[in-house]
Novice: 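My structure is below; once you've seen it, I'll send some questions.
Keep in mind the model is a prediction, meaning the values are calculated, not measured. Indexing begins at 1, ligand by ligand and atom by atom, following the structure's order.
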Amino acid sequence: MLIPFEEAIHTVLSGIQSLGSERITLADGLGRVLARPVIARRAVPPADNSAMDGYALKHADQGAALPVPMFIAAGSWPERTLGSGEAARIFTGAPVPEGADTVVAQERTERDGDGPVRIVKPETLGANIRRAGEDVMPGDSIGQVGQSLTPGLIGLLAGQGLTWVDVVRRPVVAILSTGDEVHEPGDPLPRGHIVSSNSWALAARVQEAGGIPRYLGIARDDRASLDAALDGITGADVLLTIGGVSVGELDFVKEAIAARGGEQRFWKVKVRPGKPNAFGRIGDVRWFGLPGNPVSCDVSFLMYVRPALRAMQGHAHHFLPTREARLEHDLRKRVGFLILFRGVHHPDDAGDLMVRTTGPQGSGIQSSMAKATCLIVAPEESEMLRQGSRVRIVMLPGEVGQAALGVRRP
Ligand code: AMP
Ligand code: MG
């Protein structure tokens, strides 16, 4: 049965919950997802402090020459209250003494050696004082469940003196290649045989998606070899098998999964590339049977597996971001399928995104994935997309920032 993409992804995501939590050091936090809310326990900044190198004083005293009996460096604490008609020498980050309500930057003052200071350009009341708690107050909610740890958030948590954080566990993703013709890179390659390039691409995709790849090697096209390899899924959250499930193929993968009591479902989705996909579970391990053709394999990962891995990690957003771009050339396609062409996008002189295909688009053309910065979405019902027309593009991981910054590509 041919089903639309929406139905397939709905089936994949339904029932997926975020995995349990683990406590990690903040240094390992980048990209992880908060599993517990974080409530501030400290005020930031902890005390009123100076935003400038200059003089702390009373606003009303700015007309007179002021003696400077106090010296407050960052890291010290004022030993007394500032009196009327006095100024305190103060530096950026140093606590403002009681009695002072304004800091005047040194560029606005004149002073001879250790003599009194004169304010040349007076400041407004309260100038250059960073107030205690103006950034964060104790009790503020500074991290929500599901929030990704960005460098900014890591800084905010570190500012609270936190050295650890509770995040959602990363899914362990077992990867198994299949095929009598498939070999490890570096191993002798008999005539007509190929290297298991997909497992390398997938392991990298898993890492990018926040998962932990566990490579199970290559199973031959026989039950014994598959059964032995599948023993390696213990403790994994996800199993990706590559190849061996297409129609007319030897059906060992299906058999081996069934023999372990796995539920399985096979479908043809109205999306190309991505010919036959299988999906199911063996106990708690979610199984994706990905096609062997390199482009189909990679695109299927991006379409179905990546959102599932994101959901398992508790991310709020599961899908790759999309943008609108203008086609640099006509694009002909088959009606009835949503086609994802591999594309290269770049901003034109006006900053509008332009996109063209990477060249040959066969499902075995791995170089198309290596060149691609995006996938061009050609809707199911269309037959011809014209040069200059607007299309949706799916940004490939790692390409979003460049496009957003308008970085030019050659
Ligand atoms: P299959 O789905 O097993 O029929 O494989 C479809 C195509 O993908 C065949 O041309 C295979 O040789 C190729 N293929 C299968 N597994 C891999 C792999 N791990 N890396 C690269 N190509 C593969
Ligand atoms: Mg095969």
Novice: Please determine, by modelled atom types, if R342 and T357 share a side-chain donor-acceptor pair under 3.5 angstrom.
Specialist: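 The criterion, which ignores hydrogens and geometry beyond distance, is not satisfied for T357 and R342.
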Novice: Between R220 and S225, does any side-chain donor sit less than 3.5 Å from a side-chain acceptor?
Specialist: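 No, because no side-chain N or O of R220 sits under 3.5 Å from a partner of the opposite role on S225.
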Novice: For ligand 1, which is the ligand I care about here, please tell me if P294 has any N or O atom under 3.5 Å from one of the ligand's N or O atoms.
Specialist: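 P294 vs ligand 1: no N/O contact under 3.5 Å.
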Novice: Number the atoms of ligand 1 from 1 as they appear, then name those within less than 4.0 Å of a heavy atom of G243, with their elements.
Specialist: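 Selected atoms, number and element: 1 (P), 2 (O), 3 (O).
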Novice: How does I218 reach ligand 1, if at all, at less than 4.0 Å between non-hydrogen atoms: by side chain, backbone, both, or neither?
Specialist: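 Neither; no heavy atom under 4.0 Å.
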Novice: Only one of D53, N49, N128 clears side chain to side chain donor-acceptor pair (under 3.5 Å) with T92; which?
Specialist: D53
Novice: Verify whether one side chain among R111 and Y55 offers a donor that lies under 3.5 Å from an acceptor in the other.
Specialist: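 Side chains of R111 and Y55: pair found under 3.5 Å.
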Novice: Salt bridge or not for D237 and R169, using N-O below 4.0 Å?
Specialist: yes
Novice: Please could you name the atoms of ligand 1 that V195 approaches to less than 4.0 Å, counting only its heavy atoms?
Specialist: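 Listed by number with element: 20 (N), 21 (C).
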Novice: Between S177 and ligand 1, which part of the residue brings a heavy atom under 4.0 Å of the ligand: side chain, backbone, both or neither?
Specialist: side chain
Novice: Counting only heavy atoms, tell me which of A201, G292, G179, S196 gets closest to atom 8 (O) of ligand 1.
Specialist: G292
Novice: Distance under 4.0 Å to a non-hydrogen atom of G244: what atoms of ligand 1 satisfy this?
Specialist: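 Near G244, meaning under 4.0 Å from one of its heavy atoms, ligand 1 has 1 (P), 2 (O), 3 (O).
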Novice: Can you sort out which atoms of ligand 1 are near N293, meaning under 4.0 Å from one of its heavy atoms?
Specialist: 6 (C), 7 (C), 8 (O)
Novice: Can you tell which of Y304, F279, W267 makes a ring-ring contact (aromatic ring centres under 6.0 Å, His included) with F288?
Specialist: F279
Novice: Before giving the answer on side-chain contact (heavy atoms from CB on, under 4.5 Å), spell out for M70 and L82 the whole-Å C-alpha distance, their side-chain angles and the decisive distance to 0.1 Å.
Specialist: CA-CA 8 Å; M70 291 172 76; L82 188 83; 3.8 Å; yes
Novice: Which ligand 1 atoms, with their elements, are less than 4.0 angstrom from a heavy-atom of E181?
Specialist: 11 (C), 12 (O)
Novice: Could you tell me which atoms of ligand 1, counted from 1 in the order shown, lie closer than 4.0 angstrom to a heavy atom of S197?
Specialist: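 Listed by number with element, the hits are 20 (N), 21 (C).
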